[in-house]
Protein chains: 4
Amino acid sequence: MRADAQRNRAKILAAAEEVFVESGADASTEEVAKRAGVAIGTVFRHFPTKNDLLAAMMKQLADRLAGEAETLAAQGDPRTALFTFFEGVVEQAAGKKTVVELLGVDIQVGRQLQAMRDAIGTLLMRAQESGAVREDVQLDEVMALLTATSHGALHAGWSDDLRARTLSIVFAGLGPS
Amino acid sequence: MRADAQRNRAKILAAAEEVFVESGADASTEEVAKRAGVAIGTVFRHFPTKNDLLAAMMKQLADRLAGEAETLAAQGDPRTALFTFFEGVVEQAAGKKTVVELLGVDIQVGRQLQAMRDAIGTLLMRAQESGAVREDVQLDEVMALLTATSHGALHAGWSDDLRARTLSIVFAGLGPS
Amino acid sequence: MRADAQRNRAKILAAAEEVFVESGADASTEEVAKRAGVAIGTVFRHFPTKNDLLAAMMKQLADRLAGEAETLAAQGDPRTALFTFFEGVVEQAAGKKTVVELLGVDIQVGRQLQAMRDAIGTLLMRAQESGAVREDVQLDEVMALLTATSHGALHAGWSDDLRARTLSIVFAGLGPS
Amino acid sequence: MRADAQRNRAKILAAAEEVFVESGADASTEEVAKRAGVAIGTVFRHFPTKNDLLAAMMKQLADRLAGEAETLAAQGDPRTALFTFFEGVVEQAAGKKTVVELLGVDIQVGRQLQAMRDAIGTLLMRAQESGAVREDVQLDEVMALLTATSHGALHAGWSDDLRARTLSIVFAGLGPS
DNA sequence: GATGAATGAGTGTTCATTCAT
DNA sequence: AATGAATGAACACTCATTCAT
């Protein structure tokens with residue numbers, strides 16, 4: 001792929017994130033094109049289907065989140081890394097519908113999503129080893145709570161304060177009884 | 001309003017709940033009309049806008065949930081009533097897009113939503129008085145968690161098992177430490 | 001169906017015949033709407049698919065042709081009725097792409113087409129009984145020649161003279177040797 | 001023109017014949033480029049317009065048919081050569097949309113078509129001299145019937161059998177009465 | 001000359017909303 | 001009040017054609 005095509009692809013993905021975040025997945029592809037400063041045909045050349053565009057954007061996001069989780073797993077305090085990551089994701093979600101939809105299963109993101117799951121799994125294991133999280137908690141519930149609170153933060157427009165209080169309950173629930 | 005108009009209004013609302021629950025808010029108004037056994041014009045005479053129809057349906061739902069909460073407040077065990085209600089809502093949400101959307105703020109439901117909040121507030125107070133829920137938990141967080149887990153149950157398609165495990169964490173978080 | 005809807009349906013079919021005749025089946029549905037003096041949605045309300053519109057137009061045509069054939073079978077001279085019908089169809093085809101496409105099998109017209117075949121079959125039988133057409137000629141060939149010459153008259157823009165000379169060869173081929 | 005450009009031109013024409021024969025003239029130019037192993041820009045450099053490409057392909061075909069006619073005129077039995085050629089063209093047409101469209105006048109093919117006409121004219125003259133075809137038949141009718149039956153064979157999807165029976169009627173019509 | 005990315009007008013189709021019956 | 005036909009803006013997507021690399 002040519003350099004300029006690469007650049008356009010990036011512009012389109014960025015625009016898609018902006019647009020779909022603002023208006024949800026029902027936003028028009030045309031709007032994405034406009035925001036990216038390209039013609040509609042260019043969007044469809046890069047992503048033959050609106051769904052492809054959504055999926056590509058989600059993959060990008062999943063990669064980003066997986067990266068964050070991995071970094072925290074490598075560097076952070078095992079006792080708090082999971083919670084830090086959790087907070088970060090939910091905070092981002094507050095402004096981004098896409099994060100939310102990513103965490104659901106509406107669009108199959110495949111490997112990227114798996115990578116993210118794995119990274120979060122590591123965080124969970126460390127937290128459990130260090131006694132910060134109960135042994136009987138499984139990754140599925142953590143993902144579920146992450147999804148749920150991200151959805152909530154976005155749709156319900158939680159304030160920073162409410163978000164903190166809500167997460168503190170979740171974290172208490174995860175901690176040793 | 002004539003008696004038959006009143007009856008049509010009810011039929012339309014019922015149909016709307018059916019349709020939007022099955023197919024989400026993107027379902028067509030035409031489909032609602034068909035399901036209600038009414039012409040499309042009649043739907044728009046009662047609800048000048050699709051949004052008005054959605055809002056009315058949400059209000060109905062909010063009323064129903066408020067009723068459930070009040071019943072539980074009047075009759076149930078104070079220690080478990082909140083959790084019972086919580087579980088019931090999330091379980092319903094798993095099969096109903098509308099419940100989920102109701103809990104968000106996309107559509108302003110106003111007074112009905114307030115009634116529901118109040119009823120849930122009562123449940124919370126009772127639970128706190130009985131020591132089942134920590135004193136520092138506020139209604140906002142409870143609503144937030146209710147919203148979040150309902151969203152999650154719907155979008156992520158949680159299994160019954162996962163739903164139970166996820167809620168058990170939330171309930172643990174709400175309980176005394 | 002209401003009277004005005006009936007009228008619109010007719011206007012649309014007429015416009016479709018005009019438009020598709022002028023420009024072939026690739027002409028846009030929008031153009032049909034414009035020509036009919038209705039909005040595009042109206043066309044799609046009556047004919048949910050472009051193909052449905054084409055098929056309906058074809059059916060109308062098949063009905064018309066079947067009617068002509070039946071009239072000739074009832075009233076005409078058995079020796080010449082088939083040839084008269086044949087000439088009539090090809091003459092119409094000269095200005096109408098649709099007649100041509102109807103005779104092909106691109107779009108399944110079903111019963112209407114069958115009715116037309118039957119009517120032409122009657123004409124053929126009469127012609128053979130009267131000795132004007134060889135006994136070993138089958139309906140399939142007659143239909144094939146009708147199709148072929150109609151196509152030709154249209155696409156090649158035959159003059160009246162050329163059409164007459166071409167048909168005279170076909171008729172000679174059909175007659176007794 | 002460079003040697004490789006020459007080669008590309010040939011590859012494109014060959015691909016065009018393949019593609020348009022399979023899918024009709026609505027096939028996309030992109031598909032032709034792909035089949036030719038060439039970028040889309042190259043196709044448009046050689047043939048500035050899709051129509052130009054179609055026309056060039058038709059010319060090629062006309063040349064080929066003219067060649068066949070000339071060969072038959074030089075070598076074949078004058079009594080049957082015209083019929084043999086006729087059968088060959090119609091048989092080819094059955095599998096080739098392009099042959100059909102060539103014989104029409106949708107696209108002006110000019111000199112090449114003239115060459116083909118001339119060659120067929122020779123076949124006709126020989127057939128008439130040998131008494132196999134009536135004296136009063138003109139080339140125009142023969143071309144018209146060739147066009148018509150080719151169209152028919154293609155669009156109506158005639159079986160081999162039907163094609164033979166249909167042509168036998170045409171040939172009987174051309175023969176002495 | 002070749003490449004293939006970009007363009008943008010155009011297509012079939014849907015659907016909230018209006019309005020004549 | 002109810003009906004359901006008509007409206008027309010909007011959408012996802014295609015493709016001939018242009019143009020930067």
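Just so it is clear: chains get the letters A, B, ... in the order the sequence lines come, proteins before strands, and each one is counted from 1.
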Just to confirm, is there a sub-4.0 Å distance from OP1 or OP2 of [N] to any side-chain nitrogen or oxygen of [X]?
{"X": "D:Thr29", "N": "F:dC15", "value": "no"}
{"X": "C:Thr42", "N": "F:dT7", "value": "yes"}
{"X": "D:Asn8", "N": "E:dA2", "value": "yes"}
{"X": "A:Arg2", "N": "E:dG4", "value": "no"}

Fill in: Helical stems, DNA chain E - three or more consecutive Watson-Crick or G-U wobble pairs below 3.5 Å
E:2-21 with F:2-21
Of all the choices, [options], which nucleotide is nearest to the side chain of [X] once you look at every atom?
{"X": "B:Phe44", "options": "E:dT18, F:dT3, E:dG8", "value": "E:dT18"}
{"X": "D:Ala5", "options": "E:dA2, E:dT13, E:dA16", "value": "E:dA2"}
{"X": "B:Ala39", "options": "F:dT21, F:dT3, F:dA16", "value": "F:dT3"}
{"X": "D:His46", "options": "E:dA2, E:dT13, F:dT17", "value": "E:dA2"}

In this structure, how many angstroms lie between the [atom2] atom of [N] and the [atom1] atom of [X], rounded?
{"X": "A:Gln6", "N": "E:dA6", "atom1": "CD", "atom2": "P", "answer": "10 Å"}
{"X": "D:Lys34", "N": "E:dA2", "atom1": "NZ", "atom2": "P", "answer": "20 Å"}
{"X": "B:Glu31", "N": "E:dT14", "atom1": "CD", "atom2": "C1'", "answer": "14 Å"}
{"X": "D:Leu54", "N": "F:dA16", "atom1": "CG", "atom2": "P", "answer": "10 Å"}

Practice prompt. Would you mind telling me which residue lines up with the more 5' stretch of DNA chain E, A:Ile40 or B:Ser28, judged by nearest nucleotide?
Written response: A:Ile40
Worksheet, complete the sentence: Residue pair B:Arg45/C:Arg9 against DNA chain F: nearer the 5' end by closest nucleotide is B:Arg45
Discussion item. Which residue in the set A:Val32, A:Thr29, A:Leu13 passes side chain to side chain contact (heavy atoms under 4.5 Å, CB included) when paired with A:Phe47?
Written reply: A:Leu13
Worksheet entry | Salt-bridge present (A:Glu30, A:Lys34; N to O < 4.0 Å) | no
Worksheet entry | Heavy-atom closest pair, residues B:Ala27 and B:Val19 | CB-CG1, 3.5 Å
